[in-house]
Structure formats: C-alpha cells, structure tokens
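A short write-up of the structure that comes next.
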Amino acid sequence: IQLILTGHKPQGDMPSPIRVDDSSWVICADTSYSGDTIWWHGTSDEEPLDMNGSESESQSVLSNLPATSTMTRRNNLGRGNSISFRGDVAVSEVLVNLSNHGSTLDSIKYHGVLSDGTEYESINLLEAASQNATVGQVAPSHLVPDELDSPHQGRWWTKSTFSDGSQLFHAGEGFNVWNYVVSESKEN
C-alpha cells in the first residue's frame, strides 16, 4: 500500500499528510471547519512581524525564527455562509496520478485556497525525500516556535512544502488548528 486517503477528522484548511516512508503516505483530507483555522505569526501577542530588523519586546523571545512568508499578518476569512464551517474561500483537492498500468503512484499533490484566501500548490509528495522536505513529519525546530512559545505548547508538523519553496507548518490541540508559514528565503 502506497497511499491511504481518509477524511472525517478535520485537519484545518488543507490536507494533512503523514509520511510512512519515502514512498508511502497517509493523507487526511477533511477540511471542514477551515473557517476556524488560526494563523500563528510567531509572536506571543500576535503582532505583525517587523521585517526592518527592529524587534519589539514580544518578538525578542522568538527572534531566531524565520518570519512568515508574506511578512504581513494572515487572517482567516471566517466561516462565512458555509454550512460545513469551511468558510467561503477554503477549498482543497488531492491529485493522485498513477502509472500507465495503474499499479504504481507517479505523483501525489494537493492544491487549493487556504482560509486566508491564498492559493497554494504542494510539491509532489513522492519527491519530498529527495528534496530534503520534511512534509508529513515533525517540523525542524529551527523553523518553528519552541514548544513553550507555541500557542498549544507542543510540536509543529510540516503540512506542506509549496511549489514556491515556502512551507506551511501546523499544530493542533482539541478542536484548534494553527498554521505557521515560512518562506524559503528565511530558512537557516
């Protein structure tokens, strides 16, 4: 078995992959309640990050972390009129391509629109290991807030590496899901 796709366990505003090994994946693609996803910006008081090098007191604890990819505050656009609580903008599609014979996976990607209205496209998950991407694994500690500085005081997971090289990390606790984005240029 190379891929298990599942649902009925809300995971935020985009599919959540789990890497079993370099060629096997479990993906939960339930994006109901996307309208409740919380965007974390790496500061304890949730101020926008200052990209001019000046550091507010709230940023000093997290000063060694890369800033979010847009360098501006991302906000969930909310539930809107959606009866599924996805909101009016969030949508995702998992694309699975099989070999000509239909017995082997050629690629697994997902794309869509996040809860803040940003369009995205993931890299091919089957190439993640060769690109040193940590998709579907615990996030590298140098790219995400420390567990004690995180809103949930726990681990972050790499949810996606996007086609532009940026990464989306997520964390969950109970019914809360947090997103944290890092641009490729800010990696150490």
Side-chain angles (χ1 to χ4, degrees), residues 5-7 9-19 25-43 46 48-49 51 62 65-78 86-87 89-95 107-147 149-152 154-173 175-188:
L5 284 171
T6 184
K9 180 69 175 159
Q11 301 286 315
D13 57 357
M14 70 181 298
S16 294
I18 300 171
R19 185 187 307 186
W25 295 84
V26 175
I27 299 175
C28 182
D30 184 345
T31 59
S32 54
Y33 298 96
S34 295
D36 296 337
T37 301
I38 303 163
W39 288 88
W40 179 249
H41 302 95
T43 60
E46 286 298 87
L49 295 174
M51 294 311 300
L62 303 171
L65 293 175
T68 57
S69 64
T70 61
M71 306 313 154
T72 58
R73 186 178 181 88
R74 289 176 174 241
N75 290 305
N76 188 319
L77 299 177
R86 278 186 180 83
V89 297
V91 63
S92 293
E93 179 180 42
V94 178
L95 303 173
S107 70
I108 307 167
K109 292 184 174 186
Y110 37 96
H111 69 113
V113 179
L114 297 170
S115 61
D116 70 338
T118 303
E119 292 185 18
Y120 72 90
E121 180 180 343
S122 74
I123 61 169
N124 179 357
L125 295 182
L126 299 179
E127 297 173 357
S130 66
Q131 295 179 19
N132 294 320
T134 60
V135 178
Q137 299 177 325
V138 173
S141 60
H142 70 282
L143 291 178
V144 295
D146 180 83
E147 289 184 25
D149 296 323
S150 296
H152 66 299
R155 292 181 175 180
W156 291 86
W157 288 77
T158 308
K159 201 167 201 179
S160 185
T161 297
F162 298 122
S163 55
D164 70 357
S166 62
Q167 295 179 295
L168 187 141
F169 303 102
H170 84 285
E173 179 179 72
F175 293 104
N176 295 316
V177 175
W178 292 271
N179 283 350
Y180 180 75
V181 177
V182 175
S183 69
E184 180 179 40
S185 64
K186 295 297 174 186
E187 290 185 24
N188 294 330

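One is the number of the first residue; the rest follow in order along the sequence. The shown structure was predicted, so the numbers you read here are calculated from the model rather than taken from an experiment.
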Item to check | I38 and P151, any side-chain heavy atoms less than 4.5 Å apart | outcome: no
Checklist outcome for this item: S92 and T31 have their tightest heavy-atom pair at OG-CG2, 3.9 Å
Checklist outcome for this item: So OG of S16 and CG of L168: to nearest 0.5 Å the spacing works out to 9.0 Å
Item to check | Under 3.5 Å side-chain donor-acceptor pair for S115 and W39 | outcome: yes
Item to check | N124 side chain vs K109 backbone, donor-acceptor pair below 3.5 Å | outcome: no
Item to check | Side chain D164, main chain Y120, donor-acceptor under 3.5 Å | outcome: no
Checklist entry - Which atom pair, heavy atoms only, marks the closest approach of M14 to F162? => result CE-CE2, 3.9 Å
Checklist entry - For atom CD of E119, is the number of surrounding heavy atoms from other residues, nucleotides or ligands below 6.0 Å larger than 12? => result no
Next on the checklist: If I take atom CZ from residue R19 and atom CG from residue L126, how far apart are they, to the nearest 0.5 angstrom?
Outcome noted: 10.0 Å
Next on the checklist: Give me the atom names and distance for the closest heavy-atom approach of Y180 to W156.
Outcome noted: CB-CZ3, 3.6 Å
Checklist entry - Which atom pair, heavy atoms only, marks the closest approach of W40 to D149? => result CZ2-O, 3.5 Å
Item to check | Chi angles and distances behind the side-chain contact (heavy atoms from CB on, under 4.5 Å) call for N75, D116 | outcome: CA-CA 5 Å; N75 290 305; D116 70 338; 5.8 Å; no
Next on the checklist: Donor-acceptor check, side chain of Q11 to backbone of K9, threshold 3.5 angstrom: yes or no?
Outcome noted: yes
Checklist entry - Hey, mind stepping through H152 and N176 against side-chain contact (heavy atoms from CB on, under 4.5 Å) and telling me if it holds? => result CA-CA 9 Å; H152 66 299; N176 295 316; over 6 Å; no
Checklist entry - So do T37 and H170 actually touch side chain to side chain, heavy atoms under 4.5 Å? => result no
Checklist entry - Looking at W25 and V135, what are the two nearest heavy atoms and their distance? => result CH2-O, 3.4 Å
Next on the checklist: Under the salt bridge (Lys or Arg N to Asp or Glu O under 4.0 Å) definition, can you give me all pairs with a residue in residues 127-138, not counting sequence neighbours?
Outcome noted: none
Checklist outcome for this item: CD of E147 to CZ of R155, rounded to nearest 0.5 Å, is 6.5 Å
Item to check | Stepwise side-chain contact (heavy atoms from CB on, under 4.5 Å) test for R74 and L114 | outcome: CA-CA 10 Å; R74 289 176 174 241; L114 297 170; 4.0 Å; yes
Next on the checklist: Does Y33 have more than 12 heavy atoms from other residues, nucleotides or ligands lying within 6.0 Å of its OH?
Outcome noted: no
Item to check | Shortest non-hydrogen separation from K159 to D13 and the atoms involved | outcome: NZ-N, 4.3 Å
Checklist entry - Is there a side-chain contact between L143 and F169 (heavy atoms, below 4.5 Å)? => result yes
Item to check | Heavy-atom side-chain contact between I108 and S122 under 4.5 Å | outcome: no
Checklist entry - About how many Å separate OG1 of T158 and CD of Q167, when rounded to the nearest 0.5 Å? => result 6.0 Å
Checklist outcome for this item: Here the gap from I27 atom CD1 to L5 atom CG, rounded to the nearest 0.5 Å, amounts to 5.5 Å
